[in-house]
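Every heavy atom of this structure was used, including side-chain atoms; hydrogens, water molecules and symmetry mates were not.
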Amino acid sequence: MSDALAGRSAIVTGAGDGIGRGIARRFAAEGARVLVAELNAETGERVAWELAEEFGADARFVATDVTDRDQVEAMVAFCADLWGGVDVLVNNAWGAGTVSRVETKTDEQLARGFAMGYYGPFWAMRAAFPHMKRQGWGRVINMCSLNGVNAHMGTLEYNSAKEALRALTRTAAREWAPAGVVVNAVCPGAKSAAFRRMAAEHPEIEAAADRANPMGRLGDPETDIAPVVVFLASDGARYLTGNTLFVDGGSHINGVAWTPDLDGEQ
């Protein structure tokens with residue numbers, strides 16, 4: 001490891017499992033102080049302990065429901081109070097959704113999707129920006145999704161929230177560039193915690209996704225996705241902002257080559 005993030009304070013939401021955990025581990029290995037922001041106290045505390053034990057990192061856990069504005073703002077304040085600022089914010093958290101057709105989606109499902117996938121990151125960015133502006137340096141990495149870019153079937157609330165988050169990413173990048181704050185999005189192709197939950201109910205989707213990937217597999221959160229996020233969080237990304245990086249083994253090149261069977265209808 002290169003100590004690319006030595007001395008930096010980083011918040012990673014949804015860091016208790018999957019891609020968030022992979023990013024938190026890589027950040028710790030690169031010398032960052034890591035705030036594990038997680039809804040599940042058991043997994044969040046375990047990851048914070050792992051980072052301290054395995055990497056000697058200054059890692060803390062804070063219970064955070066990203067659909068609750070007060071908790072999101074408290075998360076950012078905790079980081080700033082603890083370490084004197086907020087250098088890096090990774091908006092990664094997502095909860096389980098449902099795989100069903102557009103016409104069956106409810107208002108409640110859409111509202112929860114946007115609360116988690118759009119408003120949560122927005123609240124965190126808004127709270128973190130004054131700290132980043134004051135120090136003249138900041139990195140925001142928003143974890144978005146090929147589901148929205150390629151309009152995957154069955155996941156409307158996820159697709160829509162993630163595409164709205166990409167729009168937020170570009171707008172913030174444009175407005176915050178003079179302050180030295182760069183904002184980018186990553187669309188990963190990996191077996192995240194959310195993907196594993198969906199695949200448990202629809203195993204045909206996992207097999208089809210692997211077959212459709214030009215590299216023949218979906219990525220590993222820690223070894224395939226997290227190194228790119230480390231770069232975006234580093235000094236090396238100082239002139240890169242407002243972009244979407246497709247870290248997906250080439251999945252985005254030809255779009256979606258599979259469609260789930262939604263209640264037997266096409």
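The two residues Leu146 and Asp248 have their closest heavy-atom pair at CD1-OD2, 3.3 Å. In terms of heavy-atom proximity, Trp137 sits nearest to Ala233 at CH2-O, 3.3 Å. The two residues Gly16 and Thr43 make their nearest non-hydrogen contact at O-CB, 3.5 Å. Summarising the geometry of Thr241 relative to Ala173, their closest heavy-atom pair is OG1-CB, 3.3 Å, with the distance given to 0.1 Å.
The aromatic rings of Tyr119 and Trp123 sit tilted relative to each other, their planes meeting at an angle between 30° and 60°. In this pair, Trp94 and Tyr158 present their aromatic rings perpendicular. The plane angle is above 60°, beyond the 30 to 60° band.
For the residue pair Asn147 and Thr155, a side-chain donor N or O sits within less than 3.5 Å of a side-chain acceptor on the partner. Looking only at atom types and distance, the side chain of Thr13 has no donor-acceptor partner in the side chain of Asn91 under 3.5 Å away.
Within 6.0 Å of the CZ atom in Arg238, the count of heavy atoms belonging to other residues, nucleotides or ligands does not exceed 12.
With hydrogens and angles ignored, the 3.5 Å screen pairs no side-chain donor or acceptor of Thr67 with any backbone N or O of Met116. A donor-acceptor pair under 3.5 Å is absent between the side-chain atoms of Asp87 and the main chain of Gly138, judged by distance alone. Side-chain atoms of Glu157 never come within 3.5 Å of backbone atoms of Gln109 as a donor-acceptor pair (strictly under, hydrogens ignored).
Looking at Glu50 and Arg25, a side-chain N of the basic residue comes within less than 4.0 Å of a carboxylate O on the acidic one, giving a salt bridge.
In this structure, the separation between OG1 on Thr64 and CZ on Phe78 is 9.5 Å, given to the nearest 0.5 Å.
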